[in-house]
Amino acid sequence: MDDKYRILGKYFGYSDFREGQEALIDSMLSGRDVLGIMPTGAGKSICYQVPALLLSGITLVVSPLISLMKDQVQALNQAGVHAAYINSSLSESQISKALRLAAAGQYKIIYVAPERLETYEFLQFARQAEIAMLTVDEAHCISQWGQDFRPSYLKIVQFIRGLYRRPVISAFTATATEKVKEDIACVLGLCDPYVLVTGFDRKNLFFAVETTRQKDGYVMQYVQEHKQESGIIYCATRKNVDSVCEKLCAQGIAAAKYHAGLSGDERRRSQEDFIYDVRPVMVATNAFGMGIDKSNVRYVIHYNMPQSLENYYQEAGRAGRDGERAECILLYSAQDVAVNRFLIESKEPNPDSTWDEIEQIRERDEERLRTMNYYCMTTGCLREYILRYFGEMGTGRCENCQNCAREYEETDVTQAAMKIIACILESRQRYGINVTAGILAGDGRAKLREYGVFEYASYGSLKELREMEIKEIINQMLVEGLLAATKDKYALLKVQQAAGDVVDGRRRVLLKKVKEDHRKAETGRASASAKMRRSDILNSKGLELFERLRALRTEIAKEEGLPPYIIFSDKTLVDLCVKAPFDKSEMMQVNGVGEHKYNRYGQRFLAAVLDYTKGAREKYYFGDAPQAAAQGASGQEMKAPCKKKADFSLTKEQAAAFPYAEKYLVAELAEKLNGLRDADTTKKISGAEIFRRMQALEYAGEAVQDGIRRKYVTEKGRAAGLLIGMRRSKKGTEYEDIYYKEEAQRMVVAMVIA
């Protein structure tokens, strides 16, 4: 067996690597620098821990938070790997002892805070020891263009230069735009690095945005409905953290709180209570969570809108690290924008930055805030919005976010848009969205009187609308590129060239709103999620066994003073129920059970399984084979318990019955194809899947034109029978779409014949 697979099975209990892991590991083992950008839960730690155990020297892992190091080292030691951390939580004598043991070969992996790198004692140790690899975790912290720049990370560069021999450099992060990715490679001085971006999508996360003034009521109801689950509630201010936590505790919810205003002991106690599930709900500012590897967080609620999409995705990503279904809900109000703008203005600049750099960073922060604000207002797919921000193409609809689950109706707001354009031009483009909406609504507040806007012809021209409704239209115009906002804190509205088409009557502005009956159906329902979790593959007896194993895990965790998920994850417990092992060889096939963990806990869990089953072979899951569990264990989205259907295809006989026509839209084409398949054994094909195949063949594509995403047909596509034609929506709006002529239909049918 390949050494890396032996290490993977022996210490981590897995038989196969996940996407991208093996390529990164092979590069490091060959002596090549690497940069891995992988979503939370994709197994970044495995990528550097496996080669660390195979390389001849020591691997140093630079990590930003004490809690992160402690969590990782604890997990490694439980797996049988000797590891240590060095940071300010240790006394000088403890640090000296750890370095002596490391120099004597006691540790293969040492986690270290960036501040520790510049100390004389650590540098002397590093110069004398054999440092095989230096790994930079949370590597986005080294870029001043990132959302979490830490000047201390620049010490890494100086440290590397101070070594007598340059080790392999590996860097990992979950969130990085193209600019930040380039900055990481440049600042760290990576030599011909192998760069891997496995994608940013977390398919198991359900995203939602709720616009509500009753945030407290929403949070209280949601947490009450999820009482048996662990979650995090992020707030922008300490005051909100204290208030929300107090209200949860008053309702009998075991909640802890965490912010910089608490003492070190209070923060440590809160964190431990959360990790050990003593208090499974954490209310915190964004100071909490970067180092938390708690795998069973089932929801993350943002009480306030974060400052950037990078921050939001990183914080939301603390849910569902085990690959099981989890929910990420953002509670939005317009006041959140003002609070975040204040926090941006109050942020202390890096003293080493030039004035121009400080101004650029502030402009970038303002731009991020606007992008975050648009996320909260979009009626499009939320996952698609996030992925596009990070430079990744989505599929248009994920069917796993609140917006995809909702039904919308379009309202023509072209006349209102014309009045908005007139108002902005009349005011010589001097105001932002709040003042502009106030002028149009005819508000009489003193600030508007001071500006002298009561004499404007546009004053009160949209008085039939509320200011919030006017702002919705303005934001839609910003998204479509009809308007733009300056990149400073004032965000003054500017009319763009494309707005001329609206004024001249050549373009309409449509606003999508949730259908009233659909909104009523959502009222009182705190969670829009309805998809299944991994444990749902277990039948009633399987669930009973699962609860027994979970109780045993809690018992062992208390005995050893460890978080329960460090013993075994929920994923491992479910696989134990599915495979119901009776001896060591069977248990070693369970996902997440390595040799060291079997030696420590195997006999007790085997005994629990044998006690429950009485030694009788029985099925504790739905479906025909244990592969159902393997699918859940891999972190993929799970369907209802049933026999797995094959991917869409047609037999020649089925294809021969296809009803060809002069032309079809892609949705019509998909409908005709699905009508021919064996519905019991074959999955459906979607119009989106057909269009993706056309894109792959370079027959068609999508591009943004005048702020609107439009489909187009290439020369190859026209030759194959694709054409652009006009169609009309239910509201009477005309727009372009792709039609498939008979020759294109025949091409698609030929593609799907098995």
Side-chain angles (χ1 to χ4, degrees), residues 7 10-12 28 44-139 141 152-153 155-156 159-160 162-163 165 167-172 264 268 271-272 275 290-294 560-563 565-567 594-597 599-600:
I7 293 293
K10 178 178 180 180
Y11 294 106
F12 304 104
M28 285 178 265
K44 290 185 292 294
S45 300
I46 291 286
C47 291
Y48 61 80
Q49 288 170 352
V50 168
L53 297 176
L54 291 170
L55 293 169
S56 60
I58 297 169
T59 291
L60 299 179
V61 182
V62 181
S63 184
L65 290 180
I66 291 171
S67 55
L68 181 65
M69 301 181 203
K70 184 177 180 182
D71 217 39
Q72 292 278 9
V73 169
Q74 210 169 35
L76 283 169
N77 287 329
Q78 279 297 301
V81 177
H82 294 298
Y85 58 81
I86 295 174
N87 55 46
S88 59
S89 70
L90 303 178
S91 66
E92 290 302 318
S93 61
Q94 288 175 315
I95 290 173
S96 296
K97 181 180 179 182
L99 292 178
R100 284 198 305 274
L101 291 172
Q106 180 73 26
Y107 304 121
K108 288 290 290 179
I109 303 176
I110 300 176
Y111 286 77
V112 59
E115 296 83 1
R116 184 59 51 179
L117 297 176
E118 63 180 353
T119 63
Y120 175 79
E121 184 180 17
F122 191 84
L123 185 57
Q124 287 300 108
F125 154 75
R127 284 174 171 172
Q128 294 168 14
E130 182 187 358
I131 306 300
M133 182 166 66
L134 185 140
T135 296
V136 182
D137 202 7
E138 306 293 344
C141 293
S152 61
Y153 257 54
K155 301 179 191 302
I156 299 170
F159 174 76
I160 294 170
L163 297 175
R165 175 180 169 274
V168 174
I169 310 297
S170 56
F172 295 91
R268 186 161 46 252
Q271 183 167 300
E272 289 180 355
I275 288 173
M290 183 179 276
I292 302 303
D293 196 24
K294 194 171 193 286
E560 302 206 0
L562 293 170
Y565 63 85
I566 292 286
I567 308 296
E595 288 183 15
H596 189 76
K597 283 199 173 183
N599 291 335
R600 294 196 68 163

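Positions are given from 1 along the sequence. Below, each value reflects all heavy atoms present in this structure, side chains not excepted, and no hydrogens, waters or symmetry copies.
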Undergrad: Heavy atoms, side chains only, cut-off 4.5 Å: are I95 and F122 in contact?
TA: no
Undergrad: Applying salt bridge (charged side-chain N to carboxylate O under 4.0 Å, His left out), run through R600 and E595 and close with a yes or a no.
TA: CA-CA 9 Å; R600 294 196 68 163; E595 288 183 15; over 6 Å; no
Undergrad: Answer yes when E121 and R116 have at least one side-chain N-carboxylate O distance shorter than 4.0 Å, and no when they do not.
TA: no
Undergrad: Any chance you could lay out the side chain to side chain contact (heavy atoms under 4.5 Å, CB included) test for E560 and Q78, step after step, and finish with the verdict?
TA: CA-CA 11 Å; E560 302 206 0; Q78 279 297 301; 3.8 Å; yes
Undergrad: With a 4.5 Å cut-off on side-chain heavy atoms, are N87 and Y111 touching?
TA: no
Undergrad: Taking all non-hydrogen atoms of both residues, which atom of L134 and which atom of V136 are closest, and how far apart?
TA: CD2-CG2, 3.7 Å
Undergrad: Working to the nearest 0.5 Å, report the span between CG of L99 and CD of Q124.
TA: 11.5 Å
Undergrad: Which value, rounded to the nearest 0.5 Å, describes the distance between D137 atom CG and Q72 atom CD?
TA: 6.5 Å
Undergrad: Looking at every heavy atom in both A132 and P167, which two are closest together, and how far apart are they?
TA: O-CB, 3.5 Å
Undergrad: Do the non-hydrogen side-chain atoms of L117 and L123 ever get within less than 4.5 Å of each other?
TA: no
Undergrad: Give the minimum heavy-atom separation between P51 and I46, together with the two atoms involved.
TA: CD-O, 4.0 Å
Undergrad: Measure the CE-CG distance between M133 and L55 for me, rounded to the nearest 0.5 Å.
TA: 5.5 Å
Undergrad: For D71 and Y565, which I'm curious about, is there any donor-acceptor pair between the side chains at under 3.5 Å?
TA: yes
Undergrad: Hey, what do you get for CD1 (I156) to OH (Y153), rounding to the nearest 0.5 Å?
TA: 5.5 Å
Undergrad: For T59, does its backbone N or O pair with a side-chain atom of K108 as donor and acceptor, under 3.5 Å?
TA: no
Undergrad: Contact between F125 and I58 at the side-chain level, heavy atoms closer than 4.5 Å - yes or no?
TA: yes
Undergrad: Can you measure from OG (S89) to CE (M69) and round to the nearest 0.5 angstrom?
TA: 8.0 Å
Undergrad: Is H82 atom NE2 crowded by more than 12 heavy atoms from other residues, nucleotides or ligands, each under 6.0 Å away?
TA: no
Undergrad: Is there side-chain contact between P563 and Q74, with heavy atoms separated by less than 4.5 Å?
TA: yes
Undergrad: Which pair of heavy atoms, one from A98 and one from Y107, lies closest together, and at what distance?
TA: O-CE1, 3.7 Å
Undergrad: For the residue pair Q49 and V81, establish whether any side-chain heavy-atom pair is separated by less than 4.5 Å.
TA: no
Undergrad: Using a 4.5 Å cut-off on heavy atoms from C-beta on, say whether the side chain of Y85 contacts that of V61.
TA: no
Undergrad: What is the minimum heavy-atom distance between R127 and L163, and which atoms define it?
TA: N-CD2, 4.4 Å
Undergrad: Please check if the side chain of K10 supplies one atom and the backbone of G594 the other of a donor-acceptor pair under 3.5 Å.
TA: no
Undergrad: Answer yes if the side chains of S63 and E138 hold a donor-acceptor pair under 3.5 Å, and no otherwise.
TA: no
Undergrad: Under a 4.0 Å N-O cut-off, is there an ion pair linking E130 with R165?
TA: no
Undergrad: Answer whether the closest heavy-atom distance between the side chains of Y11 and V50 falls below 4.5 Å.
TA: no
Undergrad: To the nearest 0.5 Å, what is the distance between CE (M28) and OG1 (T135)?
TA: 6.5 Å
